[in-house]
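Read the structure below first, then the notes.
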Amino acid sequence: MLKDCDALWINANLATCDLNHTQAYGLLPHQVLGVKQDKIACIAPMPVFEQQHSELTNLPIHDAQNALITPSFIDSHTHLIHAGNRAQEFEQRLLGASYEQIAQQGGGILSTVYATRQASVEQLVELAIPRLKALMAEGVTTIEIKSGYGLDLHSELNMLRAARELTKRFPVRVSTTLLGAHALPPEYKNRADAYIDWVCQELIPAAVAENLADAVDVFCEHIAFNPAQTEKVLQTAQTHGLGIHIHAEQLSNQHASALAARYQAWSADHLEWLDEEGVQAMAESGTVATLLPAAFYFLRETQVPPIELLRRYHVPMAVATDFNPGTAPLASLRLAMNMACTLFRLTPEEALLGVTRHAAKALGLQDQIGQLREGFAADFIVWNIQHPAELAYQVGINPIKQRVFAGKLSHV
Ligand code: NIG
Ligand code: FE
């Protein structure tokens, strides 16, 4: 009932991203959307509002004036918390060094580890704030943040504490991921198995004890951890009831996506070298394929993820920034959507679902966010645009009219 709502948005065209509505984007034209507390309480055609208008005089009413409303955006893969930057490495790569060579020489991820270990929680938060604000300004209200630049107990937990702290200071939801198995720290040089044992026996339980991690991630790659080591971490995550993400098939095919699918991973991410068997395994387990076109772009990769196969097997595709100082210094989810279209040939509709409904599933939050639907979180954006394809099409212009998080208007 509209009169039971706390506030209404009227004259709105909704791109619900709810595929029960058969129109592309789940489009519903000329609607009223009612919010109660932090949830969407009612979605109805405008004539319903007109009939009940006389009973609604005390309600705050926002006239969207035929603007488009979408679920707000979810950036489902970021390394937002870190210190230092790697502009010099960017330069080295342009001069011919590869990402793998730089990593093997002790640069790459480890250079960010050295900088991050020096920083306090407060410093990590301060460094993250402008990055977070940039994402929020474009319509993001939920962001996944990984550790993985500490690689010791104190620094890994501090990264997660900093990530949690952001939710106390900003109108944003954060999903945290423990990425202890991101690279081998110098203390464990040539002892990768021992490091993985430490991750499983000490690091994961410590993060769980403080409720700092919603999920676990592993970088399964020839320059990082092998499938056997990866599997140990996934087993431990499963034992603790944590969600699972995996950095898989980015630089080579390690069959890591199929492995993670056996552990009902929420998402497998990157996927440039994914094969059909991996796609099939992901389809069976309901694992989301998270595409990270910015990393592909910055590394000047040429191997494109198997989009056609993912479509054929109905694997949901998410799109995320992968914001990090090495492979993706990009704090723009809208540009990532555009890149997913131009570089990977996603349709604008797939790109929008990739930052809403499918991104929610990649975080295990598919029953709460990512769609305009009664009972879902009242997290949405009112856009000054005519058609949802514009969100992936135009870059550098920010058409946000209103940002609503948990039922409240929020300004960034
Ligand atoms: O998602 N591939 C591994 N991890 C990150 C990059 C980390 C870094 O280079 O600092 C990624 O691309
Ligand atoms: Fe990443």
Side-chain angles (χ1 to χ4, degrees), residues 75-93 97-117 127 131 143-151 155-156 159 163 175-185 215-226 230 233 244-254 256-257 260 265-274 288-301 303 305 318-331 333 336 339 359 362-363:
D75 193 351
S76 63
H77 179 141
T78 85
H79 307 252
L80 196 84
I81 303 282
H82 60 263
N85 79 61
R86 311 222 301 263
Q88 283 178 338
E89 190 184 297
F90 177 59
E91 198 168 356
Q92 276 176 289
R93 287 205 308 271
S98 73
Y99 181 66
E100 286 98 319
Q101 282 164 346
I102 293 168
Q104 274 150 359
Q105 288 158 10
I109 294 172
L110 285 187
S111 84
T112 303
V113 170
Y114 297 126
T116 302
R117 284 180 175 179
L127 288 167
R131 305 166 191 157
I143 173 168
E144 186 265 6
I145 302 179
K146 301 176 195 297
S147 69
Y149 293 124
L151 313 185
S155 313
E156 280 294 300
M159 288 186 72
S175 177
T176 54
T177 302
L178 183 66
L179 176 54
H182 195 196
L184 192 62
V216 162
D217 195 341
V218 181
F219 185 19
C220 184
E221 191 53 71
H222 60 85
I223 56 165
F225 297 99
N226 66 34
T230 300
V233 179
I244 290 173
H245 303 289
I246 186 152
H247 280 73
E249 278 60 274
Q250 181 187 15
L251 308 170
S252 63
N253 186 2
Q254 304 280 325
S257 307
W266 283 343
S267 73
D269 305 32
H270 286 289
L271 306 178
E272 277 77 351
W273 295 89
L274 180 65
V288 174
T290 299
L291 306 173
L292 305 170
F296 172 93
Y297 164 81
F298 277 100
L299 293 181
R300 308 181 75 244
E301 299 286 356
Q303 173 80 16
V319 174
T321 60
D322 194 16
F323 183 87
N324 77 69
T327 64
L330 176 95
L333 192 56
M339 287 177 166
L363 300 180

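Read the numbers this way: they start at 1 and go in the same order the structure lists the ligands and their atoms. Numbering starts at 1 and runs along the sequence shown. All values derive from a computational prediction rather than experimental measurement.
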Next item on the list: Give every protein N, O or S atom lying under 2.8 Å from the Fe ion (ligand 2), naming each by residue and atom.
Entry: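 Under 2.8 Å from the Fe ion (ligand 2) - ignoring waters, which are not counted - the protein N, O or S atoms are His77 NE2, His79 NE2, His247 NE2, Asp322 OD1.
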Can you check whether [Y]'s main-chain N or O pairs, donor with acceptor, with [X]'s side chain at less than 3.5 Å?
| X | Y | value |
| --- | --- | --- |
| Gln254 | Cys220 | no |
| Glu249 | Ala256 | yes |
| Gln105 | Ile102 | no |
| Thr177 | Asp217 | no |
| Ser111 | Gly108 | yes |
| Glu272 | Pro305 | no |
| Thr78 | Glu144 | yes |

What's the shortest distance from [atom] to any protein heavy atom, and which residue and atom give it?
| atom | answer |
| --- | --- |
| atom 6 (C) of ligand 1 | Tyr99 OH, 3.4 Å |
| atom 11 (C) of ligand 1 | Asp322 OD2, 3.2 Å |
| atom 2 (N) of ligand 1 | Gln250 OE1, 2.7 Å |
| atom 4 (N) of ligand 1 | His182 NE2, 2.9 Å |
| atom 12 (O) of ligand 1 | Thr327 OG1, 2.7 Å |
| atom 10 (O) of ligand 1 | Tyr149 OH, 2.6 Å |

Give a yes/no verdict on whether any heavy atom in [X] is under 4.0 Å from an atom of ligand 1.
| X | result |
| --- | --- |
| Asn324 | yes |
| His77 | yes |
| Glu221 | no |

Restricting to ring-ring contact (aromatic ring centres under 6.0 Å, His included), what partner residues turn up for His245, sequence neighbours left out?
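Per chain and number, His245 pairs via ring-ring contact (aromatic ring centres under 6.0 Å, His included) with Trp266.
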Phe296 meets the ring-ring contact (aromatic ring centres under 6.0 Å, His included) criterion, sequence neighbours left out, with Phe344
- request: List every atom of ligand 1 that sits less than 4.0 Å from any heavy atom of Gly326, numbering the atoms from 1 in the order shown and giving each element.
  value: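 Under 4.0 Å from Gly326, ligand 1 has these atoms: 9 (O).
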Near His247 (heavy-atom distance under 4.0 Å), the atoms of ligand 1 are 1 (O), 2 (N), 3 (C), 4 (N), 11 (C)
Closest heavy-atom pair, Leu333 versus Ala320, reported as atoms and distance to 0.1 Å, is CD1-CA, 3.9 Å
Residue list, salt bridge (Lys or Arg N to Asp or Glu O under 4.0 Å) with Glu301, at least two apart or on another chain: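 Per chain and number, Glu301 pairs via salt bridge (Lys or Arg N to Asp or Glu O under 4.0 Å) with no residue.
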